[in-house]
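Structure record follows, encoded as structure tokens.
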Amino acid sequence: GENVEQHPSTLSVQEGDSAVIKCTYSDSASNYFPWYKQELGKGPQLIIDIRSNVGEKKDQRIAVTLNKTAKHFSLHITETQPEDSAVYFCAASMRMGNQGGKLIFGQGTELSVKP
Amino acid sequence: SAVISQKPSRDICQRGTSLTIQCQVDSQVTMMFWYRQQPGQSLTLIATANQGSEATYESGFVIDKFPISRPNLTFSTLTVSNMSPEDSSIYLCSVEVGETQYFGPGTRLLVL
């Protein structure tokens with residue numbers, strides 16, 4: 001089955017710097033890759049996602065890149081702010097049409113942005 | 001999008017007892033999921049619950065321990081049965097709308 005590895009487990013950056021979190025997946029059939037942000041005491045919230053027919057997607061300060069050949073994808077946060085501090089999870093699934101697939105999550109990255 | 005609520009938000013239970021967690025969605029959805037998140041860990045899928053059919057359990061999770069009900073398209077329950085301290089976790093309900101899975105706020109369970 002699918003396995004998702006996520007690095008680093010913790011990341012500390014200064015406010016205004018960039019943060020990069022990397023994930024690798026094992027199943028080449030996976031075609032949907034969402035990223036979730038989980039703040040303390042809350043459920044995960046989707047922040048960005050990418051499908052396998054796209055190499056990069058950007059939404060304001062957040063971007064995700066996908067390398068299908070190498071089976072890895074990354075989250076990039078620019079101009080980090082203290083409110084970006086949270087645990088970030090990557091995930092992978094195989095979607096068929098509009099049908100959902102089981103999400104396999106990475107281990108999580110605890111991001112700390114120091115003012 | 002979807003707005004999901006869970007009850008209770010947290011509970012402290014004695015070993016050997018059972019707890020039923022409720023999940024309510026503000027719109028009709030076909031697929032609902034239950035996840036477990038052990039302290040400081042990632043999310044692990046327990047089961048998928050579709051209305052009108054039996055829940056599908058993932059490897060390592062069984063119906064006797066985690067019975068699930070899905071009586072309609074906006075509601076589901078997960079019961080954690082005969083609890084032990086190892087069941088202390090956050091239990092999360094999730095629904096799929098379009099391509100996206102949305103998560104509830106979670107139920108924080110501590111078993112003593």
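Below, read A as the first sequence line, B as the second, and so on, with proteins coming before strands; counting in each chain starts at 1.
Remark: the Trp34(B) side chain and the Ser76(B) side chain contain an N/O donor-acceptor pair separated by less than 3.5 Å. Between the side chains of Gln41(B) and Gln107(A), no donor-acceptor pair is found at a separation under 3.5 Å.
Neither the backbone nor the side chain of Ile104(A) comes within contact range of chain B; no heavy atom of the residue lies under 4.5 Å from a heavy atom of that chain. Interface remark: Gln6(B) contributes no atoms to any contact with chain A (heavy atom separation under 4.5 Å). Of the two parts of Leu92(B), only the side chain, counted from C-beta on, holds a non-hydrogen atom closer than 4.5 Å to a non-hydrogen atom of chain A. Heavy atoms of Arg108(B) lying under 4.5 Å from chain A belong exclusively to its side chain.
Inter-residue side-chain proximity for Gln45(A) and Phe103(B) is flagged as unmet; no heavy-atom pair is nearer than 4.5 Å.
Between chain B and the residues Gly108(A), Pro34(A), Gly41(A), Gly1(A), the most heavy-atom pairs under 4.5 angstrom are made by Gly41(A).
Comment: Glu56(A) does not engage Lys58(A) in a salt bridge, judged by the lack of any side-chain N to carboxylate O separation of less than 4.0 angstrom.
Between Phe105(A) and Tyr35(B), the distance separating the two ring centers is shorter than 6.0 angstrom.
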